[in-house]
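Report on the following structure.
One-based numbering, in listed order, for ligands and for the atoms of each.
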Amino acid sequence: MKVFKFGGASVKDAEAVKNVATILKQYPDERIIVVVSAMGKTTNALEQLTNAFFYHNKNVETLLNEIKKYHFDIIEQLFPDKNHPIYNDVNNAFIELDWAIEGEPTHSYDHEYDQIVSIGELISTKIVSACLSEAGIANKWQDARDFIQTDNTHREGKINWELTQQLVNHSTSPLSPLHMERGKMEKIIVTQGFIGGTSENFTTTLGREGSDYTAAIIAYTMNAESVTIWKDVPGVLNADPKWFEKTQKLEQISYQDAIELAYYGATVIHPKTIKPLQNKKIPLYVKSFINPEEAGTVINDVQSSLPVPCFIFKINQVLASISPKDFSFIVEENLSDIFKLFAERHIKINMMQNSAISFSLCIDNDPYKLPELIKTLQKDYRVLYNEQLELITIRYYDQATIDRVTANKKILLEVKSRYTAQMVVKPASFM
Ligand code: ASP
Ligand code: MG
């Protein structure tokens with residue numbers, strides 16, 4: 001049994017959706033669980049819709065209509081027959097969305113977010129499933145919330161592994177091997193990435209780009225032979241071509257390196273994805289949906305280190321330096337205070353450094369979270385901060401590589417460990 005994950009770009013238009021069928025036809029005899037993300041940039045659009053709804057902006061209607069139009073344009077291209085049941089299916093999903101944004105918000109922002117944003121995956125999977133059927137690939141659409149169980153941490157649902165495992169194994173679960181043994185036909189199951197359910201039947205999400213993680217959870221609980229993430233790049237590259245020239249594709253990566261790269265912000269794979277796979281030694285393939293016959297990259301149980309330095313680049317960073325107002329040293333008690341504030345607000349610290357009188361840290365410039373955090377910190381601390389910065393991480397660095405990527409940039413903070421160097425820099429245009 002294999003798990004395939006198709007991300008937003010791989011289902012962004014009618015052609016792309018058809019291509020999913022073309023790829024699956026290459027595996028006629030396999031049992032495959034197909035995990036699908038929301039189409040194209042739908043999650044971003046639904047995030048905007050959530051903001052408009054929650055903060056009472058006027059453009060709710062416009063945003064909603066754009067999302068509907070985008071999906072129905074694709075459906076019309078895929079299913080010229082307007083009586084096809086997919087029209088009804090997707091309409092029903094949109095009715096759920098209408099309900100979610102009706103009246104006043106009744107729960108926290110994060111809770112409302114999950115109910116709204118999850119619709120993207122529910123719709124994309126309906127469309128993919130119908131398109132596969134149309135192409136002659138028997139498949140079953142499966143609601144991921146029926147087996148991916150999380151706690152109540154909205155937007156960052158923590159998996160209840162025990163319950164999820166039980167639900168996957170349960171005799172009535174279409175995922176269960178028993179289902180196949182009983183002679184049920186569908187070798188292909190289509191389900192949503194990114195979303196889960198709580199014991200009170202609310203929807204949660206697993207964090208942005210969480211569909212990879214869903215694929216890993218399914219693979220882990222079902223002891224899959226492999227996971228394949230189908231992407232618009234030929235595999236895992238040593239740097240993002242958006243920022244770096246002359247990137248190289250990596251043939252093979254150890255689980256450890258993949259975890260480190262994802263942790264530091266390489267966007268190819270969601271950071272939580274690797275660990276479950278590593279625990280069961282399930283290989284993860286990253287392959288191109290444009291050239292599916294190419295080898296791509298495999299992440300597996302090798303011991304070797306990477307043959308070339310890897311670069312991770314993050315823009316829109318803020319460097320904050322926090323010091324006690326009374327000019328005393330910064331001590332453990334202060335650090336514990338500070339970390340608590342970050343943890344409560346789910347703000348990730350991308351890099352940090354401590355000195356006698358101040359604690360410096362680099363974070364994403366989140367317009368929703370940052371101003372309030374700084375205000376709270378300022379009650380007890382002096383906070384200096386610098387915006388519009390970049391964070392460069394180099395795994396397997398050497399001085400020459402550091403010099404090359406920081407040329408024309410001013411290094412504000414630098415942290416090095418044995419294999420990894422991180423620098424917060426001010427780009428030339430802002431100096
Ligand atoms: N659709 C979600 C997102 O864009 C999950 C994913 O694509 O992995 O973040
Ligand atoms: Mg995505």
Practice item. Please identify which atoms of ligand 1 are closer than 4.0 Å to at least one heavy atom of S211. Key: 5 (C), 6 (C), 7 (O), 8 (O)
**Study point:** Charged N-O contact under 4.0 Å between K272 and E156
**Key:** yes
Review point. Does ligand 1 have an atom under 4.0 Å from some heavy atom of K41?
Key: no
Study note, to complete from the structure: Here the atoms of ligand 1 under 4.0 Å from any heavy atom belonging to R208 are 3 (C), 4 (O), 9 (O)
**Study point:** Aromatic centroids of Y109 and Y55 separated by under 6.0 Å
**Key:** yes
Point to revise | Proximity flag G193 to ligand 1, non-hydrogen atoms under 4.0 Å | key: no
Point to revise | Within residues 193-206 or reaching into it, pairs that qualify as side-chain hydrogen bond (donor to acceptor under 3.5 Å, both in side chains) - sequence neighbours excluded | key: D114-T205, R145-T203, T150-T204
Practice item. Within a distance under 4.0 Å of any heavy atom of F194, pick out the atoms of ligand 1 and give their elements. Key: 2 (C), 5 (C)
Point to revise | Which segment of H270 sits under 4.0 Å of ligand 1 when only heavy atoms are counted | key: neither
Exercise for review: Compute the shortest N/O to N/O distance between D212 and ligand 1 and return yes if it is under 3.5 Å, no if not.
Suggested key: no
Review point. What are the two closest heavy atoms between S129 and N139, and how far apart are they?
Key: OG-OD1, 2.6 Å
Review point. Does L306 reach the side chain of I253, with side-chain heavy atoms less than 4.5 Å apart?
Key: yes
Review point. Is the shortest heavy-atom distance from the side chain of I32 to the side chain of Y27 under 4.5 Å?
Key: yes
